[in-house]
A.B. asks: 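For reference, the structure I am asking about is given below.
Not measured: the values here are computed from a predicted model. Atoms within a ligand are numbered from 1 in the order they appear, just like the ligands themselves. Just so it is clear, the values below take in all heavy atoms, side chains as well, and ignore hydrogens, waters and symmetry mates.
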Amino acid sequence: MYDLVIRNASITHPDGTTAAGDVACQNGRIAKIDSMISAVGREHIDAAGRLLIPGVIDPQVHFREPGATDKEDLASGSRAAVRGGVTSFLEMPNCNPPTTDQEQLDWKLARAASSCAANFGFFIGATCDNLEALNSVRPACGIKIFMGSSTGDLLVDKQEHLERIFGNGERLIAVHAEDETRIQDRTRALLKEGETADYALHSRIRDPQTALIATERALALSEKYGRRLHILHLSTSEEVERLRRHKPDQVTCEVIPNHLFLNTDDYAQLGSRVQMNPPIRNPANASGLWSGLHQGIIDIIATDHAPHTLGEKSQPYPNSPAGMPGVETSLPLMLTAMQAGQCTLAQVQQWMCSGPARVYGIKNKGQLAEGFDADLALVDIETTWPVRDNEVFSRAAWSPYAGRELTGWPNYTIVGGQVVFDNGQIRPGVFGKALEFARSD
Ligand code: DOR
């Protein structure tokens, strides 16, 4: 007897063809995919023709545990993830205390194992003096370097420190590429000491050059040392153009929905809700990012889910924190874009499922194929449903997309062959597992 049988699903294969079929799960794996599976399971789901896709892997989230669990903890963040069809996440080190050594990493791994509804992996955060830990901690999906300051204290912007990190070790380095010197110079020039300003100033201070300078610098370091580099939340068409000219084999990059679906016009309505690092850009910018995705210059999609409370956000600029929740809306946003003809289902699966598994060497995930882990999302692309702040699962309890009508919300999310999200409800007692990394753990 199978653990779970999903009947009459619409299944898209990696070549883009879609066919009706059944899927059986056993011992956490996809045991069988066939046009009809008559064997019984302990649980059955009638998919009623809805779309079954591999669970999304979100390769950049900030949950806030330890340190600011009033905004999010690993449990609440993971519940938000599965509500949005995300079955695995990679979490950033800028909590408090930051994840910069084995002890903190072990703490998070243990905490996640007993509380997370989705599978989890963690970055190790770079400081100026933790080189040994960067290369020795296990398991970690990669090293995170904040080249420009953002939430938290992690910052490595001096050349000698960057050289030391890029020049020693083999683990993947993921960079937040914004140039700290330019951020400081422009803050001084554009924001008078002690004054507050319109939130839109944020996008002018951290302008496209701020991102491009740091991206160039990270690329140069990667080339000098042959080091595996992943550029997080690439946000400008200028960076896409730079990579179009030359993207070394060891370099990958990502874009986040906020840079595809929001722009500087949104400050007027949404104010600090849309303040993030790197900032949202002018309305013309997104088309460059979309072409980067279509041409394979941008490899994958992450969310940079960064929950802050609306209370904190209501402070005047520059005291309002940067970041917005997003882990539960990325798949519906992309499937809505697919319905509008901006991309295909095969691309969504490549950018959000198989791509992140490839970039981070995550074993056995990201594909709807026999033998792969049974991490799945059954989504409804017939019905639209609005984003509503009061329905958000993240403890932040708001979304920059509130009011948008989206299609492609999951009815069911399945982690390791177990239903964890069932038509709006989390099933208690289902836990994800620590991800395994082929490349860098
Ligand atoms: O806007 C952001 N917020 N960008 C980051 O890189 C960090 C994040 C956070 O943790 O709040």
A.B. asks: Tell me yes or no: between the side chains of Lys108 and Thr99, is some donor less than 3.5 Å from an acceptor?
C.D. replies: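 A donor-acceptor contact under 3.5 Å links the two side chains.
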
A.B. asks: For ligand 1, which part of His62 has a heavy atom less than 4.0 Å away: the side chain, the backbone, both, or neither?
C.D. replies: side chain

A.B. asks: Using only heavy-atom distances, determine whether the side chains of Glu65 and Thr69 contain a donor-acceptor pair under 3.5 Å.
C.D. replies: no

A.B. asks: Could you tell me the residue and atom name of the protein heavy atom closest to atom 7 (C) of ligand 1, and the distance to it rounded to 0.1 Å?
C.D. replies: Ser150 OG, 3.3 Å

A.B. asks: So, applying side-chain contact (heavy atoms from CB on, under 4.5 Å) with Thr12, which one of Val348, Ile53, Leu345 is it?
C.D. replies: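 It is Leu345, the one option of Val348, Ile53, Leu345 that forms the side-chain contact (heavy atoms from CB on, under 4.5 Å) with Thr12.
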
A.B. asks: Are more than 12 heavy atoms, taken from residues, nucleotides or ligands other than Lys247, located less than 6.0 Å from that residue's NZ atom?
C.D. replies: yes

A.B. asks: At under 4.0 Å between heavy atoms, is it the side chain or the backbone of Gln275 that contacts ligand 1, or both, or neither?
C.D. replies: neither

A.B. asks: For the rings on His294 and Trp351, is their centre-to-centre separation under 6.0 Å?
C.D. replies: yes

A.B. asks: Regarding Arg83 and Ser394, is there a side-chain donor-to-acceptor distance under 3.5 Å anywhere?
C.D. replies: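 Per modelled atom types, Arg83 and Ser394 side chains form no pair under 3.5 Å.
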
A.B. asks: Does any N or O atom in Asn94 lie less than 3.5 angstrom from one in ligand 1, N or O only?
C.D. replies: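 Yes: some nitrogen or oxygen of Asn94 is under 3.5 Å from one in ligand 1.
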
A.B. asks: What do we get for Lys144 next to ligand 1 when only non-hydrogen atoms under 4.0 Å count, side chain, backbone, both or neither?
C.D. replies: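 It is neither part, as no heavy atom is under 4.0 Å.
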
A.B. asks: Show me which atoms of ligand 1 lie under 4.0 Å from any heavy atom of Met276.
C.D. replies: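 With Met276 as reference, the close atoms of ligand 1 come out as 1 (O).
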
A.B. asks: Does Ala322, backbone or side chain, put an N or O under 3.5 Å from an N or O of ligand 1?
C.D. replies: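 Checking ligand 1 against Ala322, an N or O pair does fall under 3.5 Å apart.
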
A.B. asks: Could you tell me if any non-hydrogen atom of His202 lies under 4.0 Å from any atom of ligand 1?
C.D. replies: no

A.B. asks: Look at atom 10 (O) of ligand 1 and find which of Arg64, Gln60, Met92 reaches it with the closest heavy atom.
C.D. replies: Arg64

A.B. asks: So, Asn411 side chain and Asn423 main chain: donor-acceptor pair closer than 3.5 Å or not?
C.D. replies: no

A.B. asks: Is there a heavy atom in Met324 that sits closer than 4.0 Å to ligand 1?
C.D. replies: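 Checking ligand 1 against Met324, which is what was asked, there is no heavy-atom contact under 4.0 Å.
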
A.B. asks: Would the distance check show the side chain of Arg171 and the main-chain N or O of Leu134 forming a donor-acceptor pair, the cut-off being under 3.5 Å?
C.D. replies: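 It does hold such a pair.
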
A.B. asks: Students should be able to answer this: which protein heavy-atom is nearest to atom 9 (C) of ligand 1, and at what distance?
C.D. replies: Thr151 OG1, 3.1 Å

A.B. asks: State the atoms of ligand 1, each with its element, that fall below the 4.0 Å cut-off from a heavy-atom position in Asp304.
C.D. replies: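 It comes down to these atoms of ligand 1: 4 (N).
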
A.B. asks: Return yes or no for this condition: an N or O of Asn277 is under 3.5 Å from an N or O of ligand 1.
C.D. replies: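 The answer is yes, given that Asn277 and ligand 1 share an N or O pair closer than 3.5 Å.
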
A.B. asks: Would you check if Arg217 and Leu162 make a side-chain contact, meaning some heavy-atom pair closer than 4.5 Å?
C.D. replies: yes

A.B. asks: Nearest to atom 8 (C) of ligand 1, what protein heavy atom do you find, and at what distance?
C.D. replies: Ala306 CB, 3.6 Å

